[in-house]
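Worksheet for the structure shown next.
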Amino acid sequence: MDFELSEERRILRDTAARLFRERYPIQARHDFAASDDGFSRALWTDFADLGLIGALVPAEMGGLGGAGVDIMVVMEEVGRGLAVEPFLASAVLGAGLLAEAGTAAQQAQIAEVIAGTRLLAFAHGEPDSRYALSEVRTRAREDAGGWILDGRKSVVLNGDTADALIVSARTGGDAADPDGLSLFLVAGDPEGVTRRGYGTVDGGRAAEIDLVGARVSAETCLGTAGTAYPAIERVIGRGVLALCAEALGIMEVCRDTTLDYLRTRTQFGVPLGKFQALQHRMVDMCLEIEQARSATMLAAGKLDAPRAERERTLSAAKNLIGRVGRLVAEDSIQLHGGIAMTWDYALPHYAKRLTMIDHQLGDADHHLERFIAFSKAA
Amino acid sequence: MDFELSEERRILRDTAARLFRERYPIQARHDFAASDDGFSRALWTDFADLGLIGALVPAEMGGLGGAGVDIMVVMEEVGRGLAVEPFLASAVLGAGLLAEAGTAAQQAQIAEVIAGTRLLAFAHGEPDSRYALSEVRTRAREDAGGWILDGRKSVVLNGDTADALIVSARTGGDAADPDGLSLFLVAGDPEGVTRRGYGTVDGGRAAEIDLVGARVSAETCLGTAGTAYPAIERVIGRGVLALCAEALGIMEVCRDTTLDYLRTRTQFGVPLGKFQALQHRMVDMCLEIEQARSATMLAAGKLDAPRAERERTLSAAKNLIGRVGRLVAEDSIQLHGGIAMTWDYALPHYAKRLTMIDHQLGDADHHLERFIAFSKAA
Amino acid sequence: MDMNFSAEESAFRESVRAFLKEDLPHALAAKVRDGKRLDKRDYLTWHAVLNARGWLAWHWPVEHGGTGWTPVQKHIFDEECIAAGAPRIVPFGLNMLGPVLIKFGTEAQKRTYLPRILNDQDWWCQGYSEPGAGSDLASLKTRAVRDGDHYIVNGQKTWTTLGHFADKMFCLVKTDTQVKPQEGISFLLIDMDSPGITVRPIVTLEGEHEINEVFLEDVRVPAANLVGEENKGWTYAKYLLTHERTGIAGVAFSLQSLDHLKQVARDQKSDGRPLAENPLFAARVAQVEIDLMAMATLNLRTLCAAAAGTAPGLESSMLKIKGTMIRQEITDLLRRAIGPYALPFVPEAFDEGYNEAPIGPDYAMPLARQYFNMRKLSIYGGSNEIQRNIVAKQMLRL
Amino acid sequence: MDMNFSAEESAFRESVRAFLKEDLPHALAAKVRDGKRLDKRDYLTWHAVLNARGWLAWHWPVEHGGTGWTPVQKHIFDEECIAAGAPRIVPFGLNMLGPVLIKFGTEAQKRTYLPRILNDQDWWCQGYSEPGAGSDLASLKTRAVRDGDHYIVNGQKTWTTLGHFADKMFCLVKTDTQVKPQEGISFLLIDMDSPGITVRPIVTLEGEHEINEVFLEDVRVPAANLVGEENKGWTYAKYLLTHERTGIAGVAFSLQSLDHLKQVARDQKSDGRPLAENPLFAARVAQVEIDLMAMATLNLRTLCAAAAGTAPGLESSMLKIKGTMIRQEITDLLRRAIGPYALPFVPEAFDEGYNEAPIGPDYAMPLARQYFNMRKLSIYGGSNEIQRNIVAKQMLRL
């Protein structure tokens, strides 16, 4: 057992940290978020050049790392920077699915994703699926050597700008059946595919996607039809870890900002930090963040463990991140008071992103139930 | 809507309060608890003479009140006094069952209960029933014009000293079926009835009761066999209210004791109460007690409402009492520090009784689930 | 003790319901229920409807145009209005300034301002908070210097809710800087169109403009606009802060939000079944419902006690603390209830006349926004920490 | 970063398991698991077994008879011992006084006392707390006055855990009353059979005798029993309080209790099904299990960092706070799990040789008692409030 980062990963972390510090002030972030793409293509290329995208993808697939620790190191800095670029959508989920399930031809695209020249998004969630991974009602039926897709995908992260969507659809089984799921790599919006893009509360972008008799070729299917569930679960697991690490980076910024505020803001003639009730809440916040970090490290270390142990540890981390995230978002606003209710202050934007992480890939309660289920299996 | 006590009830409250203040110092209470009976028969008679037992029993049954408010007024003082006498077991439950379900002949015994000369106990819970009211496996079968009882009753409050036990048994239906339940008034321990008495954590007494082929007469059956469930539910509801009110009295003592301690105990050269973190916890304790009082008042006021509304409000109160009770017990010990860990200080005995109330007639989680179930029905 | 509404109270409730059914404009109720932005006209419309019925100034004495309602009636009225989707009554003139003028104002001030409040000729805003002061209200820096029959006011106010709609501001200013912070404060009435006043919007974290900064530069205010005595303003401000306010616990809002939460939970699916049937979610909802049942009773207990002459100091702080905790908990459950559909953020969807289909279920779009907006509840009007200090001070007497 | 145990660490765990299987007396483990009272002999038996294997003083340097284990090894050892039902190692001599003597004692003191600790010739107790001092340790009042080559000690100590078993006490005394509270304190070693010492039991809320008051009246203590310098005792006391202690978070205890909780929940019935399947109860258990998984990792992170040279001041306070919260939460769930069977209170059932049938399931009787006893965790060893003060001070640097 060893808790230290290797020299290589320390360099990766410092590289990422420097980039965000120098090129990602909060106003730039607001501008990126408000642009048509909802992020900076220029910076995305720079991230690619520095290896931050590649670090999220397994080496054997052309990436530069892809282990749990790599995801943790990069995504923490993404969180600290409050970055709106599609690290999760394109690199962790998109490239991850190609790596896990794609044919050799499809996997060839991973290089472009890592280079930042091709953007992917995972169109999986549906209006009634909430956080259930196998709850897919979108149907794919074979027709004339290709597939016809019908269904609705909801809140597809960066789904508005992706060059290609990876669409999950049911080729067999019933609504919540893990068997019978397939993935399709759909590029260039064929007829019958409509995307409605919009901004999200945390400064990101997403899209609703309608598939009405959308015809795609046989080659778009990732791997063997009907067997996609294990790949989806593994890649969503990597996504969960990525979100946990992003949340950690955010929580540390919230903590540090609040500590600074308590040190410098005076009320009744003394710094706020002199008030014991606020001190104690601050201490509880700090120790819960350390707890959340520990759970995330554990999940990062178990990313390649057998299924039940892996999923159980991931769900434990996402549950704790959800609980601690709420505490940190709410208490850091409360300890600030009014200033944290204003758009022009950076903290509330961190708090909003932190809160929305609980709405991505399963909230605290979802993962609590999942933890219970996988604990029985373990 | 009106929140004031009537003149009559104010007198009742003051009478009870004076009696406990004058005759029930904590050392006397320890002595009563440590005696063979586990309580003071002398005081029990005095309580009877002052009308405190009668106040718990409906007037039309020879009692002196029996409305929700009466139960609340008396049991709050019982809580403040940390009394170990069988108010709940004999008066609320015992007399209550006779009143709700008994034949005229059986109801004639209510007068003795109110006079303090006859003690009843309700032998209902069983080793696997936990808090489920209809989970009764004890069987009664008809035989030669009487009944034969077989089963095991557990943690029967004051079951060791009761002159008669009211035993629930199944004359029909399956384990958890509300239908098919009957009650038997069993006096004088017939052959086949064994009681094993013991002390409880909160200074009370209880008994395990074995029924092995115990033969009782036809006249012991309360009302019509097989139809006891509604009466049990109503009387347990009165018991729930009694426990809530007792808990309120206890919580106010805990609060006042802790406030006093914070005011007078110095640490680091100032009274503990100067420390803001402790102040804020104290405030939260106080406001939660006010919440608990409100919920109990509401339940007292709805004791005669239609079933779903009544049970829902009772379960709401017991849930809140359970949650707030834990907070008050734990925080009042913590705010005191070491002294509250010692037997010779009064507070921990209040905390123990308060905690044990959560283990009687359903804990916070049990009543939360019940609240949900009855909310659907309401 | 009787925990049921009397026949008179139930009849009163019926009369309120009938009034709301008849007179609350449907389009307005729909805007409120859909979480649309309300403009100034919406509030004025509703005030006018209430005023026509004589129900606008419910906290005022009858002789000034109030209702003379009991606390229970006020509670019933509040509950029914909010349940029906009525906009809130803008409190600054009616609930805040009105009672102060009635108690401390000159006859001339009462004659001038009270009818104008009732008829909505003046929209008032509150000039208390200042940058740097926060919860430490007494440390304010805005100065008013007497100059003949005027005061010259210089300074800055902030968190001025709906100040961009206001015609007038009641304002705390420092008239003596040589004394202790809480002394030397005066209570002034200021025209918002006075030269030297600038109102700048503050955009809140959820992207809305509801609050403002107000800059005062050499603003001339007639000395007749002083309320009560010079340097005694702190007394009036405190009176206003502790003055009986039926709504401090927000019970009616919470009841309405809880009802909404239950509807949402019945509609949302979790593993193919209604979210309302998920045991964990159901338990969270039930727990806050139980807290709210108790709070509703506590609120009524407190209001009745206050009406019977007990001062509501400590109790009103308790109601504020727990009431806002409950409201915030419900908004938290609402945002959780909609799962991934908490994410979409389309501010134009809250404009009147926005006609595109909602993203996700129609109830989803305002919920995350409301969750963040409601963070303010535990901060403003004396933060919950300040309220705890107040209660502790009274309880511990140290 | 590697979150898995190395092959060496796993092999070490196996060797600990083998040792426990072989050498931990079965009757002793059964007593611990059934929640029976342990007597002095039980502790001595277990110490002797560990000492024979060279594993008694695991925190001491190898040259004094310690193990030289890494933090991970210590954690593994602790976890396995508690899981196997071993009694705790009595910490006063081994974990508290030992390290102080090794760092600050004279050669004579080390030669005299360290082997006697290892061989259990001396049972030590701790003389820190005093009535009236509580968490304000520095305000102590016990005085030691130099008289030739002796000190004359007068005063009173309290909360002296297992003091009724003790041969000796290490004790903080005031040797200079003219200076600030934290100065003028000295660290003395006192024979418990010295004339003038009286030990009186304190019965705790759950009816047990584990702690004591110790009265000192004109007790003569040889000056050679002074540890370090006169008036510098506060330094040694602080060293002892912040000295690395694997067990401060109580992770191994919590793991064992959680395991027990799960067994109980599988056995107990709720509405005819195992309590473990009740969604609310299962959620509570899962939540504390997740907290504990994180805490176990945090504990190891901290121990490794400390071993690598980072001082564990702030972290050890955090571990203490959260670790005790988790332990207390588990004991709370245990008492809830058994429903009405939390009530029976039969103290004689915890005596060795009690042979009557238990009331309710055999695991039920100690649980409420343990719940109340464990309230102490957040009070002693520096209350959780004091720990929060310590962390806040370091974090905020105000």
Side-chain angles (χ1 to χ4, degrees), chain B residues 1-6 9 67-69 72-73 255 259-260 262-264 270-274 276 278-284 286-288 290-303 305 312-313 315-320 323-324 364-365 367-373 375-376, chain C residues 1-6 8-10 70-73 75-76 262 276-277 279 281-287 289-305 307-308 314-315 317-323 325-326 384-385 387-398:
Chain B
M1 197 159 283
D2 168 23
F3 300 96
E4 295 299 308
L5 289 183
S6 65
R9 278 157 184 155
V69 192
M72 204 174 153
V73 164
R255 178 196 64 196
L259 271 173
D260 266 355
L262 294 182
R263 264 197 290 266
T264 51
V270 292
L272 277 179
K274 284 282 188 189
Q276 195 193 31
L278 309 190
Q279 290 176 352
H280 283 203
R281 282 170 73 173
M282 198 66 220
V283 170
D284 286 338
C286 290
L287 72 83
E288 291 299 337
E290 287 310 312
Q291 283 278 94
R293 169 168 297 283
S294 302
T296 305
M297 287 171 81
L298 196 61
K302 300 289 184 188
L303 199 58
R312 177 177 180 271
T313 315
S315 281
K318 191 70 164 61
N319 168 266
L320 197 56
R323 285 190 276 145
V324 177
D365 279 355
H367 282 286
L368 190 64
E369 290 175 338
R370 211 166 167 271
F371 174 83
I372 293 168
S375 294
K376 279 182 199 149
Chain C
M1 199 176 94
D2 183 355
M3 303 301 293
N4 297 297
F5 290 104
S6 69
E8 294 75 28
E9 287 161 348
S10 298
T70 66
V72 175
Q73 283 179 304
H75 169 82
I76 290 171
K262 289 174 165 182
E277 292 172 21
F281 200 82
R284 293 193 198 286
V285 175
Q287 205 142 294
E289 181 166 9
I290 290 169
D291 286 343
L292 179 54
M293 286 165 69
M295 169 55 62
T297 303
L298 179 57
N299 192 41
L300 279 170
R301 277 174 61 201
T302 309
L303 296 176
C304 289
L314 196 138
E315 290 79 4
S317 289
M318 295 224 214
L319 290 174
K320 159 91 189 344
I321 297 166
K322 189 68 188 178
M325 287 169 73
I326 290 172
N384 284 8
E385 289 74 27
Q387 305 293 345
R388 286 192 176 89
N389 289 347
I390 292 171
V391 178
K393 198 172 170 186
Q394 289 198 41
M395 259 181 359
L396 285 157
R397 302 188 305 274
L398 284 172

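Since the structure is predicted, the reported quantities are computational estimates derived from the model, not experimental observations.
A side-chain contact (heavy atoms from CB on, under 4.5 Å) with B/Leu287 is found for exactly one of C/Lys322, C/Met295, C/Arg388, namely C/Lys322.
The residue among C/Val72, C/Ile321, C/Asn389 with the most heavy atom pairs within less than 4.5 Å of chain B is C/Asn389. For chain B, the option among C/Leu298, C/Leu319, C/Asn384 with the highest count of heavy-atom pairs below 4.5 Å is C/Leu298. Counting heavy-atom pairs under 4.5 Å between each of C/Ala286, C/Ala296, C/Ser6 and chain B puts C/Ala286 at the top.
If you measure heavy-atom distances from B/Arg293 to chain C, the contacts under 4.5 Å come from both the backbone and the side chain. When heavy atoms are compared at a cutoff of 4.5 Å, C/Gln387 does not approach chain B at all. Contacts of C/Ile76 with chain B are absent, with no heavy-atom separation under 4.5 Å from either backbone or side chain. The contact between C/Asp291 and chain B is made by backbone and side chain atoms together, counting heavy-atom distances below 4.5 Å. Looking at B/Glu369, neither its backbone nor its side chain comes within 4.5 Å of chain C, counting heavy atoms on both sides.
Atoms CD1 and CD, on B/Ile372 and C/Glu277 in that order, are 11.5 Å from each other to the nearest 0.5 Å. Atom CD of residue B/Gln291 and atom CE of residue C/Met318 lie 10.5 Å apart, to the nearest 0.5 angstrom.
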Contacts table for residues 296-303 of chain B: side-chain donor-acceptor under 3.5 angstrom, sequence neighbours left out:
unit_1   : atom_1 : unit_2   : atom_2 : d
B/Thr296 : OG1    : B/Ala292 : O      : 2.8
B/Lys302 : NZ     : B/Glu309 : OE2    : 3.1
B/Lys302 : NZ     : C/Asn4   : OD1    : 3.0

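Contact check on C/Arg301 versus B/Glu290 returns a salt bridge, with a Lys/Arg side-chain nitrogen under 4.0 Å from an Asp/Glu carboxylate oxygen.
Of all non-hydrogen atoms in C/Met293 and B/Phe371, the two that sit nearest each other are SD-CE1, 3.6 Å. Smallest separation of non-hydrogen atoms from B/Ser294 and C/Ala294: CB-O, 3.3 Å. What you find for B/Leu368 and C/Ala283 is that their closest heavy atoms are CD2-CB, 3.8 Å. Shortest non-hydrogen contact noted between B/Ala316 and C/Ile290 is O-CG2, 3.4 Å.
Annotation: side chain of B/Val270 is not in contact with side chain of C/Leu398 (no heavy-atom distance under 4.5 Å). A 4.5 Å side-chain heavy-atom check between C/Met3 and B/Asp2 finds every atom pair outside the cut-off. Counting only heavy atoms from C-beta outward, the side chains of C/Gln287 and B/Arg323 approach each other to under 4.5 Å.
With B/Arg263 contributing its side chain and C/Met395 its backbone, the two residues share a donor-acceptor pair below 3.5 Å.
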